[in-house]
Each structure stands twice: as structure tokens, then as C-alpha cells.
Amino acid sequence: TRKNQMFGPPQPAASTNALSAVESSSTSEPSAAAQNVASARASAASNETALITLAMTGTIARGMDEYVVIVGAGPAGLAAAWAIRRAGRDPLVVEQADAVAASWRGRHDHLRLNTHRAFSHQPGARIPRRCGPYPARDDYAAYLQGYSAGMRLRLGTRVHRIDRTDEGWVLTLDRGSLTAAHVVIATGSDAEPVLPDWPGLASFRGTVIHAGQFRNVAEMAGRDVLVV
């Protein structure tokens, strides 16, 4: 999956059948009826409040392992985790690599952000000034590592597929499975490198690499290089 999305089932609502029944009933004692209506309304409001509280604290199990699972621990996945935690949830972040921001750690040695740090930070945490106006690769990866502190991370776990169930979603992992009421897909749009199958590529005697394989300009020293 290449798009960052969030999926989830509709949430149940508190029943007001008891309230309607009380309000439609007749009695010879208006004061008693009024008390019954007030009591029913309070009960319905209490049930709704309890439902919302349970939902916010994640105690409605419904057979689910997790309430929210985020797939991908890059900038998008970590930002989603921050926002969901702020809303009162504690999502589980699943990442196939052994560290957060794995894609950034694997970029070339000379990489810097092409936008100023003031416009490149995650929600809730600015990039330190010591990183300079355009943070380098390692500084940005370290920033994201610190940003993930306190989040629930399950690293080294690859999600192979996600299927709908009656109550939510089931994620098929390398080892076993995981169920969740909601799933956020935050794997990014360039997780898998794609090299076009150009005619003549097999017979080309030079070196052909994907941009994702480039590491250092020293590798290209003294060569004639074409960037496509």
C-alpha cells in the first residue's frame, strides 16, 4: 500500500429506547413522571459518557489486540502516533526495519533537507537549532528517534497484508497476526525502488544504479555520469 490512510469501523451509539419509553408513558402523577424522565435522561447520558470514556481509554476489547495500529515508523507514522496519543489513545506503531526513520537512515551521505527546519518539524516538537537551517540526514534521523520516545514501537515486524473483519482489521505479520479496530497506513510513496526496464539495459557495459542505492559522491569520482 502506497498511500497514508486510516481505516476503522463505525462506532456504536448509546441506546435511548428506555428514555423514549418513559417519555411516551402516561401517569396520573406528573411529578413522578417528571422524575422518571429525568432519571432516564441521566441514565442515558451516563451510558453515553461511559461509552465515550471506554472508547477513549481503549478498554472496549471487542476481541481486538489493539485499538489503533500504525504501519510505518517514518515521519508520517510518527506524526500520526503523536496526534492519536494527544487525542487520548496509545497506538502501536509497527515497522519492518529495526529502527524508526529507516528510509532516512539509508539515504546518501550528503543528504540535507531541502526545506528550512522551521517548516520541516514534526507536530509538537521543533527541530533543534543546532541542526542548522537545513538539517543533515543523521541529524534528522536522530531528531525522529528522539521524537518517538515514549511511543509504543514494534520494530523488525513486516506487515504482509491487511484484511477486513466484522469488528475491524487483521494484520498478517512475519510471525502470527494482529487485530485492530483501526489501522493507519503510513508506509510512504517511495518505500520500494523501481528501475525502469529500458531497452538495451542488459547489454550496457557501464554501471546502472537506482537513486536509492547512491551513497557517496566519491563512488562517482572520475566518471562520466548521466542522471535520469
Side-chain angles (χ1 to χ4, degrees), residues 1-6 66 68-159 171 173-174 178 182-196 207-228:
T1 305
R2 293 180 177 273
K3 293 183 179 180
N4 299 330
Q5 304 177 35
M6 181 169 181
E66 298 286 342
V68 181
V69 170
I70 299 172
V71 183
L78 297 179
W82 179 90
I84 293 170
R85 281 164 58 90
R86 189 182 185 191
R89 295 290 186 181
D90 189 15
L92 176 66
V93 182
V94 178
E95 167 61 46
Q96 65 176 345
D98 294 327
V100 303
S103 294
W104 282 92
R105 297 176 193 274
R107 305 289 186 182
H108 63 85
D109 299 338
H110 315 280
L111 179 68
R112 287 185 176 273
L113 296 185
N114 60 4
T115 54
H116 195 279
R117 71 169 187 275
F119 307 105
S120 306
H121 61 81
Q122 297 287 100
R126 293 190 176 277
I127 299 175
R129 181 170 295 183
R130 65 175 180 275
C131 296
Y134 299 94
R137 176 199 65 185
D138 292 346
D139 288 335
Y140 188 62
Y143 159 73
L144 292 176
Q145 182 69 51
Y147 184 75
S148 69
M151 297 180 182
R152 290 199 300 138
L153 304 173
R154 186 166 174 178
L155 304 175
T157 302
R158 184 180 182 88
V159 178
L171 296 81
L173 313 175
D174 289 324
L178 187 66
H182 302 274
V183 178
V184 179
I185 307 298
T187 53
S189 59
D190 58 353
E192 299 294 334
V194 177
L195 190 66
T207 300
V208 178
I209 64 172
H210 187 276
Q213 298 171 280
F214 175 69
R215 288 294 174 270
N216 195 288
V217 294
E219 300 171 358
M220 304 298 170
R223 299 186 182 186
D224 294 326
V225 179
L226 173 66
V227 179
V228 180

Taking only residues two or more places apart in sequence or in another chain, which ones pass salt bridge (charged side-chain N to carboxylate O under 4.0 Å, His left out) with [X]?
X: Arg85; result: Asp90
X: Glu95; result: none
X: Arg107; result: Asp190

Closest non-hydrogen atom pair between [X] and [Y], with its separation:
X: Pro75; Y: Leu144; answer: CG-CD1, 3.8 Å
X: Pro133; Y: Pro135; answer: O-CD, 3.5 Å
X: Ala73; Y: Val93; answer: CB-CG1, 3.8 Å
X: Arg112; Y: Ala136; answer: NH1-N, 3.6 Å

Donor-acceptor pairs under 3.5 Å, side chain of residues 218-228 to any protein atom, not counting sequence neighbours: which ones?
none

Is the closest side-chain heavy-atom distance between [X] and [Y] below 4.5 Å?
X: Gln122; Y: Ile127; value: no
X: Asn216; Y: His110; value: yes
X: Leu113; Y: Phe119; value: no
X: Met151; Y: Val100; value: no
X: Val71; Y: Val184; value: no

side-chain hydrogen bond (donor to acceptor under 3.5 Å, both in side chains): pairs with one or both residues in residues 129-144, sequence neighbours excluded:
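Passing the test, one end in residues 129-144: Asp109-Arg137.
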
Residues two or more places apart in sequence or in another chain: which of them pass ring pair (Phe, Tyr, Trp, His ring centres under 6.0 Å) with His108?
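Per chain and number, His108 pairs via ring pair (Phe, Tyr, Trp, His ring centres under 6.0 Å) with Phe214.
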
For the backbone of Ala79 and the side chain of Tyr147, can you confirm whether one donor and one acceptor N or O come within less than 3.5 Å of each other?
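Checking the backbone N and O of Ala79 against the side chain of Tyr147, no donor-acceptor pair under 3.5 Å is found.
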
Main-chain N/O of Gly132 paired with Arg117 side-chain donor or acceptor, under 3.5 Å:
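Yes, because the side chain of Arg117 sits within donor-acceptor range (under 3.5 Å) of the backbone of Gly132.
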
Quick check on Arg215: does its CZ atom have over 12 non-hydrogen neighbours (other residues, nucleotides or ligands) under 6.0 Å away?
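Yes, CZ of Arg215 has more than 12 neighbouring heavy atoms, counting only those of other groups under 6.0 Å.
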
When Ile70 is tested against each of Ile84, Leu92, Val94, Leu78 for side-chain contact (heavy atoms from CB on, under 4.5 Å), which residue passes?
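Answer after filtering Ile84, Leu92, Val94, Leu78: Ile84.
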
